[in-house]
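Here the structure is laid out as structure tokens; the discussion comes afterwards.
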Amino acid sequence: GKGGKTKMKVAKVANCEIELYERDLILELRGSRMQRQRAKKYAEGVMAQRTGPVMITDDFDDGDLTLLRVPQEAVGFVTGRAGNFLRTIEEEWGVLMFFCEVGSKGSRSKDFEKLAIFGSVRGRRG
């Protein structure tokens, strides 16, 4: 992200030190096994989000995930212009949020979208 904002956000939510070596495309993670595992999962989610919907499976939840059903007509409001509202909430509560597909195949009922919120219980509940 611009000025390393995304790297800092992932590091904050995972409570992990992250070093990005752009030239070699290497991401170095420092912390406990759980902190590194979460940082890797968050970084992969952020990167996957840029190419399409992020697929979330049961093994994604390390006790750090809340899934919300957002009515289709409210998705634009929740996201905000260019994702600004989501980014503001992420910053305020120290969480990572993105819309996702859940399970092995995306259920095609599009009355609502699933919003994944990663972070501490306090951050996820507001």
Side-chain angles (χ1 to χ4, degrees):
K2 191 172 80 182
K5 276 183 95 166
T6 304
K7 181 186 88 168
M8 289 185 284
K9 178 172 59 179
V10 168
K12 180 180 177 186
V13 176
N15 195 24
C16 182
E17 280 184 57
I18 299 178
E19 199 59 53
L20 172 62
Y21 300 100
E22 285 185 69
R23 202 176 55 107
D24 301 321
L25 294 176
I26 293 175
L27 198 60
E28 187 177 280
L29 309 173
R30 288 187 295 277
S32 70
R33 168 174 262 153
M34 180 60 78
Q35 290 166 332
R36 293 189 320 265
Q37 182 177 316
R38 287 181 174 169
K40 180 178 187 278
K41 175 175 63 176
Y42 302 159
E44 287 171 349
V46 167
M47 289 186 295
Q49 173 190 16
R50 292 169 188 221
T51 60
V54 180
M55 183 60 67
I56 297 227
T57 54
D58 291 340
D59 61 342
F60 248 76
D61 191 359
D62 300 316
D64 63 340
L65 171 63
T66 297
L67 285 172
L68 284 183
R69 290 169 39 146
V70 178
Q72 190 65 51
E73 57 270 15
V75 169
F77 173 77
V78 170
T79 305
R81 182 174 304 217
N84 281 336
F85 187 67
L86 269 188
R87 304 293 86 84
T88 301
I89 299 301
E90 286 179 333
E91 206 164 295
E92 183 175 341
W93 292 100
V95 295
L96 185 65
M97 303 166 71
F98 44 79
F99 284 96
C100 61
E101 300 279 345
V102 178
S104 51
K105 49 197 168 300
S107 67
R108 296 285 23 126
S109 157
K110 284 299 178 187
D111 297 339
F112 59 87
E113 297 281 343
K114 288 273 173 89
L115 178 64
I117 307 171
F118 292 97
S120 69
V121 171
R122 177 74 178 105
R124 287 180 283 140
R125 294 194 179 158

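The basis for the numbers below is simple: all heavy atoms, side chains too, and nothing from hydrogens, waters or symmetry mates. None of these values were measured; they are calculated from a predicted model. One-based numbering along the sequence shown.
- For the atom pair OG1 (Thr6) and CZ (Arg50), the distance works out to 5.0 Å, reported to the nearest 0.5 Å.
- For Glu91, the CD atom sits in a loose shell: 12 or fewer heavy atoms of surrounding residues, nucleotides or ligands are nearer than 6.0 Å.
- Once rounded to the nearest 0.5 Å, the distance linking CZ of Phe112 with CD of Glu73 reads 12.0 Å.
- Side-chain contact between Asp64 and Lys41 is present, with at least one heavy-atom pair separated by less than 4.5 Å.
- Connection of Met97 to Val13 is not established within any shared hydrophobic cluster, with ILVMFWY side chains joined at heavy-atom distances below 4.5 Å, either directly or through further cluster members.
- With values rounded to the nearest 0.5 angstrom, Asp62 atom CG is found 4.5 Å from Met34 atom CE.
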side-chain contact (heavy atoms from CB on, under 4.5 Å) assessment of Glu113 paired with Gln72: CA-CA 6 Å; Glu113 297 281 343; Gln72 190 65 51; 3.1 Å; yes
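- You'll find the side chain of Leu115 reaches within 4.5 Å of the side chain of Leu86, heavy atoms only.
- Side-chain contact between Ile56 and Phe118: present, with at least one pair of heavy atoms (C-beta onward) separated by less than 4.5 Å.
- In this structure, Ala116 and Leu65 approach most closely via the heavy-atom pair CB-CD1, 3.8 Å.
- With hydrogens and angles ignored, the 3.5 Å screen pairs a side-chain donor or acceptor of Arg124 with a backbone N or O of Gly119.
- Annotation: side chain of Lys40 is in contact with side chain of Glu44 (closest heavy-atom distance under 4.5 Å).
- Under the 4.5 Å side-chain criterion, counting only non-hydrogen atoms from C-beta, Lys12 is not in contact with Lys9.
- Of all heavy-atom pairs spanning Val10 and Ala43, the tightest one is CG1-N, 4.2 Å.
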I would like to know whether Glu90 and Arg87 meet salt bridge (charged side-chain N to carboxylate O under 4.0 Å, His left out); could you show each step before the answer? CA-CA 5 Å; Glu90 286 179 333; Arg87 304 293 86 84; 2.8 Å; yes
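- Hydrophobic clustering of Ile, Leu, Val, Met, Phe, Trp and Tyr side chains at less than 4.5 Å, counting indirect connections, unites Leu96 with Leu27.
- Atom CZ of Arg125 has 12 or fewer neighbouring heavy atoms from other residues, nucleotides or ligands inside a 6.0 Å radius.
- At least one donor-acceptor pair closer than 3.5 Å links the side chain of Gln35 to the backbone N or O of Asn15.
- Two residues are said to be in side-chain contact when any heavy atoms from C-beta on lie closer than 4.5 Å; Val70 and Phe99 meet this criterion.
- Under the 4.5 Å side-chain heavy-atom criterion for grouping Ile, Leu, Val, Met, Phe, Trp and Tyr, Val75 is connected to Phe85 within one hydrophobic cluster.
- Linking Ile, Leu, Val, Met, Phe, Trp and Tyr whenever their side-chain heavy atoms come within less than 4.5 Å leaves Phe98 and Ile89 in two separate clusters.
- Between Leu68 and Val78, the closest side-chain pair of non-hydrogen atoms is not below 4.5 Å.
- Heavy-atom contacts from other residues, nucleotides or ligands closer than 6.0 Å to CD of Glu28 number more than 12.
- Counting heavy atoms from C-beta on, the side chains of Cys100 and Leu67 come closer than 4.5 Å.
- Between Cys16 and Arg30 the shortest heavy-atom distance is SG-O, 3.2 Å.
- In terms of hydrophobic clustering, with Ile, Leu, Val, Met, Phe, Trp and Tyr side chains grouped at heavy-atom distances under 4.5 Å, Leu20 and Leu29 are assigned to a common cluster.
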